[in-house]
Amino acid sequence: MIKKLRKAVLPVAGLGTRFLPATKATAKEMLPVVDKPLIQYAVEEARAAGIEQFCLVTGRGKTALVEHFDVAFELEATLRERGKDEALASLAGAVTEPGSLITVRQQVPHGLGHAIWCARAFIGDDPFAILLPDDLVLADKPCLQQLAEAYYQTGGNIVAVTEVPPEQTNRYGILKIGQDDGSLVEVLGLVEKPAPKDAPSNLSIIGRYVLMPEVIKYLALMERGAGNEIQLTDGMARLIGEQPFHGLRYEGRRFDCGDKIGFLEAQIAFALKRPDMAEAVRTFLKNYV
Ligand code: UTP
């Protein structure tokens, strides 16, 4: 029986070194794309995929992330009093259901695998999604919803994948693939950040996963991998052969917002999707570039 997907883990305990000094006192996931912080895009995408329970894996200096999803009584009352209905309505997506958001701390950033292991009590015996908020996906159907639909067909583990330039495999988790129907691919192996000459393909994992709880027992081994970090990819690789494991070539475009260029590209792409801004942005780009 395929269990319903209700839980999502959002790891946000990284140091965000690529975005210093912006991330010195502010969490990377609070950086806005147009007018919404990255973390809110992730929570809204998860909700659209049927997620009901959220676990943020946080670290020091990340309290604003939790505040962001709280009710802001004073602000709301003031906006109401002043008749600022549009501003008031814009806050709607920024509140989670009472009791649906919890946090756990990853005291030391030992790596993404370790961050997920920190959420083990929340995960329990259930399948769960992972969203890395700095990977932002512009898509007609939200990326996690595409993954969830595929999960209900295949069962087991499934990760969102995309082709990357072959010379960039050393930045990503890379798949060794078996059967491939052009959309869904069978995963035969996973390697974190292989050098291009060692890469089994150029199909890379992006920050959207549906995993089975058994991955936790492999992460608990605390084995260090690429960059001397406890890698999620290595834990997932241990599941191959034990459980179904697929990659899904999602439809949409991913922006790596942990990277300066990716972040700027996302600003432009998302602004161009906004009816209230598209024309002004297009005119600016035409005249400026
Ligand atoms: P990144 O590789 O982007 O690392 O992590 P980072 O620290 O956030 O950023 P840079 O590379 O220093 O600029 C991918 C995701 O994993 C989380 C991050 O918060 C991000 O969502 N992460 C990473 C943790 O939660 N804990 C870790 O120990 C490492």
Side-chain angles (χ1 to χ4, degrees), residues 8-33 37-43 45-46 54-66 68 101-120 122-123 128-137 143-144 159-162 164 168-174 190-194 204-209 211 215-216 219-236 254-266:
V9 179
L10 295 92
V12 293
L15 295 177
T17 53
R18 284 171 295 161
F19 244 110
L20 285 168
T23 47
K24 185 182 171 198
T26 306
K28 171 170 72 174
E29 298 78 11
M30 282 307 289
L31 297 177
V33 168
L38 290 170
I39 189 71
Q40 190 177 333
Y41 284 99
V43 166
E45 183 182 328
F54 300 86
C55 177
L56 301 189
V57 183
T58 69
R60 274 184 295 283
K62 303 276 183 173
T63 43
L65 291 166
V66 183
H68 184 73
L101 182 120
I102 69 153
T103 64
V104 295
R105 282 264 178 159
Q106 183 193 25
Q107 291 99 330
V108 182
H110 287 304
L112 179 57
H114 182 261
I116 300 304
W117 174 81
C118 288
R120 63 199 179 282
F122 168 80
I123 294 164
F128 64 104
I130 302 173
L131 298 98
L132 306 188
D134 48 5
D135 258 348
L136 193 54
V137 187
C143 183
L144 190 66
V159 291
V161 297
T162 190
V164 294
Q168 290 182 8
T169 56
N170 56 353
R171 299 191 198 167
Y172 303 102
I174 299 291
L190 291 167
V191 198
E192 185 62 31
K193 300 188 173 67
S204 125
I205 306 174
I206 72 151
R208 301 289 183 277
Y209 314 68
L211 297 182
V215 72
I216 296 296
L219 296 175
L221 300 174
M222 300 293 155
E223 287 171 355
R224 295 198 173 248
N228 199 32
E229 292 193 339
I230 297 161
Q231 296 287 356
L232 177 61
T233 303
D234 297 339
M236 294 191 301
R254 180 269 302 258
F255 296 91
D256 178 2
C257 291
D259 171 78
K260 292 185 222 354
I261 297 291
F263 184 67
L264 282 175
E265 288 173 353

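All values derive from a computational prediction rather than experimental measurement. For the numbers below, each heavy atom of this structure counts, side chains included, while hydrogens, waters and symmetry mates do not. Just so you know, ligand 1 is whichever comes first in the structure, and atom 1 is the first atom listed for that ligand.
Distance check: Phe255 CZ to Ile206 CD1 gives 11.5 Å after rounding to the nearest 0.5 Å. Interatomic distance, Ile174 CD1 to Gln168 CD, rounded to the nearest 0.5 Å: 9.5 Å.
With respect to atom 7 (O) of ligand 1, the closest heavy atom belonging to the protein is Leu15 N, 2.8 Å. Ranking the protein heavy atoms by distance from atom 12 (O) of ligand 1 puts Thr17 OG1, 2.5 Å first. In this structure, the protein non-hydrogen atom closest to atom 21 (O) of ligand 1 is Pro11 O, 2.9 Å. Atom 22 (N) of ligand 1 has as its closest protein heavy atom Gly14 N, 3.7 Å. Closest protein heavy atom to atom 25 (O) of ligand 1: Ala13 N, 3.0 Å. The protein heavy-atom contact nearest to atom 16 (O) of ligand 1 is Leu112 CD1, 3.5 Å.
With Arg208 as the fixed residue, the side chain to side chain contact (heavy atoms under 4.5 Å, CB included) test singles out one of Val161, Ile130, Val159, Val137: Val137.
Using a 4.0 Å cut-off to heavy atoms of Val12, the atoms of ligand 1 that qualify are 19 (O), 25 (O). Those atoms of ligand 1 with a heavy atom of Asp134 less than 4.0 angstrom away are 3 (O), 20 (C), 21 (O). Annotation for ligand 1: atoms under 4.0 Å from non-hydrogen atoms of Gly111 are 26 (N), 27 (C), 28 (O), 29 (C). Those atoms of ligand 1 with a heavy atom of Lys28 less than 4.0 angstrom away are 3 (O), 6 (P), 8 (O), 9 (O).
A salt bridge is defined here as a Lys NZ or Arg NE, NH1 or NH2 lying under 4.0 Å from an Asp or Glu carboxylate O, and Arg171 with Asp259 fails to meet this definition.
Here Ala115 has side-chain heavy atoms under 4.0 Å from ligand 1, and that is the only part of it that gets that close. Residue contacts with ligand 1 for Val57 are absent, since no atom lies close enough (heavy atoms, distance under 4.0 Å).
Counting heavy atoms from C-beta on, the side chains of His110 and Trp117 never come closer than 4.5 Å. Using a 4.5 Å cut-off on side-chain heavy atoms (C-beta onward), Ile116 and Ile123 make contact. When side chains are defined from C-beta on, Leu211 counts as touching Phe128, because their heavy atoms get closer than 4.5 Å.
At least one N or O atom of Gly16, backbone or side chain, sits closer than 3.5 Å to an N or O atom of ligand 1.
Around the CG atom of Leu20, the shell of radius 6.0 Å holds more than 12 heavy atoms that belong to other residues, nucleotides or ligands.
Side-chain atoms of Thr103 do not come within 3.5 Å of backbone N or O of Thr58 as any donor-acceptor pair.
Counting only non-hydrogen atoms, the option in Arg18, Lys62, Arg171, His114 that gets closest to atom 11 (O) of ligand 1 is Arg18. For atom 26 (N) of ligand 1, the candidate residues are Glu229, His110, Gln106, Glu29; the nearest heavy-atom contact is made by Gln106.
The ring-ring contact (aromatic ring centres under 6.0 Å, His included) check on Phe19 picks up Phe263, with sequence neighbours excluded.
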